Amino acid sequence: MTEIIDGKKIAAEIRGQIKEEAKRWAAEGRQPGLAAVLVGDNPASVIYVRNKRKACEEAGIYSEEHKLPETTKQEDLLKLILRLNNDPKIHGILIQLPLPKPLDTDRVLYAVSPKKDVDGLHPNNVGRLTMGSPVFVPCTPGGVMAMLDYHKIPIEGRRAVIVGRSNLVGRPVGLLLMHRNATITICHSRTRDIAAVCREGDILIAAIGKPRFVTAGMVKEGAAVIDVGINRLPDGSLVGDVDFPEVSRKAGWITPVPGGVGPMTIAMLLKNTLESAKRNL
């Protein structure tokens, strides 16, 4: 029987643990702090930042939101980041992506201090992740690993197939699985017979950004299926990259959308902020 991986439940447990620890730090006058930087008014980004700020408040983490107009110049954004880098109240800096053009996303991300890069996107942190000694595990990949561990889904020696090779999800989650001794395959737009490759996966992670791309015919019987995608259909409903109704009849474990990976991403952001505070207070 298929087991639903309840991201809301797992995230709530993690956030509860963070709240208790953050409370102890705050009682000593050393409250963890997160700054979110939002440029422009992308509707999805506005919602994400609002949800992250609410999560901080509930967990006892100090938060700041810096909302800048879409016309913000690169130099002004970099000055703000420099100020946050030097602010002792702030232990984590979140740059909400995507940034509007013509801002240089790489230059902005690289300006964030590696010690406060709670998204794990700075080259220093990417390099540490590649070497197997991460300072900050990127939030969504970290959430995926936490869900697998929560359900005690075997990783070592298993075949893991990842659909999507983005720097935000596909590549880092591949590294995390490899460091746990899984044999990984990362699929992309040039992969031949992608359905056959996906069927080899004991663990199948979909992060391609195409609604219901992964069908039941692409899934190994009893596989753990993690759906990172979130896509809004013309009728306003949200679906993942996996055809949930069909695949859930075949998978051993599966995440829903919404309520799967999404809550875990925010929980891991809070965890990274707390860990940064513990290192730097």
Side-chain angles (χ1 to χ4, degrees), residues 5-39 44-68 80-97 109 112-122 125 128-129 134-151 168 172 176 230 255 258-281:
I5 301 176
D6 188 344
K8 286 184 178 179
K9 176 185 175 183
I10 302 170
E13 291 187 19
I14 293 172
R15 287 164 63 170
Q17 295 165 4
I18 292 168
K19 183 175 182 178
E20 289 302 313
E21 196 162 354
K23 186 186 300 183
R24 291 196 296 270
W25 283 99
E28 298 177 10
R30 300 184 291 176
Q31 185 180 27
L34 174 70
V37 178
L38 173 63
V39 184
S45 293
V46 170
I47 293 172
Y48 291 154
V49 170
R50 184 190 308 145
N51 289 342
K52 289 165 184 173
R53 184 164 190 176
K54 181 180 178 183
C56 282
E57 292 171 357
E58 293 174 352
I61 292 175
Y62 170 75
S63 66
E64 293 181 359
E65 179 179 335
H66 297 270
K67 189 174 181 181
L68 306 176
L80 170 61
I81 293 171
L82 178 61
R83 179 166 66 80
L84 295 173
N85 284 342
N86 294 319
D87 188 339
K89 298 192 307 297
I90 299 301
H91 305 97
I93 300 172
L94 167 72
I95 307 297
Q96 184 61 47
L97 303 177
L109 294 177
V112 176
S113 168
K115 295 181 179 180
K116 297 187 178 185
D117 169 39
V118 288
D119 260 338
L121 297 177
H122 191 282
N125 289 327
R128 291 289 298 267
L129 176 63
V135 176
F136 294 112
V137 172
C139 300
T140 299
V144 169
M145 299 301 291
M147 288 192 292
L148 294 174
D149 287 339
Y150 186 90
H151 283 266
L168 294 177
L176 291 170
I230 184 163
T255 60
V261 175
M264 294 298 297
T265 297
I266 294 179
M268 302 313 287
L269 174 68
L270 301 182
K271 182 178 179 181
N272 281 351
T273 301
L274 176 61
E275 291 301 316
S276 176
K278 289 160 66 174
R279 279 193 291 267
N280 296 301
L281 281 172

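None of these values were measured; they are calculated from a predicted model. The basis for the numbers below is simple: all heavy atoms, side chains too, and nothing from hydrogens, waters or symmetry mates.
- Rounding to the nearest 0.5 angstrom, the gap separating the CD1 atom in Ile266 from the SG atom in Cys139 is 9.5 Å.
- Within 6.0 Å of the NZ atom in Lys271, the count of heavy atoms belonging to other residues, nucleotides or ligands does not exceed 12.
- Pro32 and Ile61 make their closest contact through O-CG2, 3.5 Å (heavy atoms, listed as atom of the first residue, atom of the second, distance).
- Ser113 places no side-chain N or O within donor-acceptor distance of the main-chain N or O of Asn85, the cut-off being under 3.5 Å.
- Between the CZ atom of Arg53 and the CG atom of Leu38 there is a distance of 11.5 Å, given to the nearest 0.5 Å.
- For the pair Glu28 and Arg30, the salt-bridge criterion is met [side-chain N within less than 4.0 Å of a carboxylate O].
- In this structure, Lys116 contributes its side chain and Ile90 its backbone to a donor-acceptor pair below 3.5 Å.
- A distance of 16.0 Å separates CD1 in Ile14 from NZ in Lys19, rounded to the nearest 0.5 Å.
- Note that CD of Glu64 is 6.5 Å distant from CG of Leu84, once rounded to the nearest 0.5 Å.
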message = Using the rule given for side-chain contact (heavy atoms from CB on, under 4.5 Å), can you reason through Val137 versus Met145, listing the C-alpha separation, both sets of side-chain angles and the distance that settles it, and then say yes or no?
response = CA-CA 10 Å; Val137 172; Met145 299 301 291; 6.0 Å; no
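- Closest approach of Arg128 and Val135 over heavy atoms only: NH1-CG2, 3.6 Å.
- Asn86 has its side chain within reach of Leu82: a pair of non-hydrogen atoms, C-beta onward, lies under 4.5 Å apart.
- Between the Gln31 side chain and the Gly60 main chain, a donor and an acceptor come within less than 3.5 Å of each other.
- Note that NZ of Lys52 is 15.0 Å distant from CD of Glu57, once rounded to the nearest 0.5 Å.
- Side chain of Asp119 to backbone of Leu94: no donor-acceptor contact under 3.5 angstrom is found.
- With values rounded to the nearest 0.5 angstrom, Leu121 atom CG is found 12.5 Å from Ile93 atom CD1.
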inquiry  = Set out, in order, the CA-CA distance, both residues' side-chain angles and the distance that settles side-chain contact (heavy atoms from CB on, under 4.5 Å) for Leu109 and Ile95, then state yes or no.
reply    = CA-CA 7 Å; Leu109 294 177; Ile95 307 297; 4.0 Å; yes
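- For the pair Lys278 and Glu275, the salt-bridge criterion is met [side-chain N within less than 4.0 Å of a carboxylate O].
- Contact detail for Gly92 and Val118: the closest heavy-atom pair is CA-CG1, 3.6 Å.
- The backbone N or O of Leu269 sits less than 3.5 Å from a side-chain atom of Thr273, completing a donor-acceptor pair.
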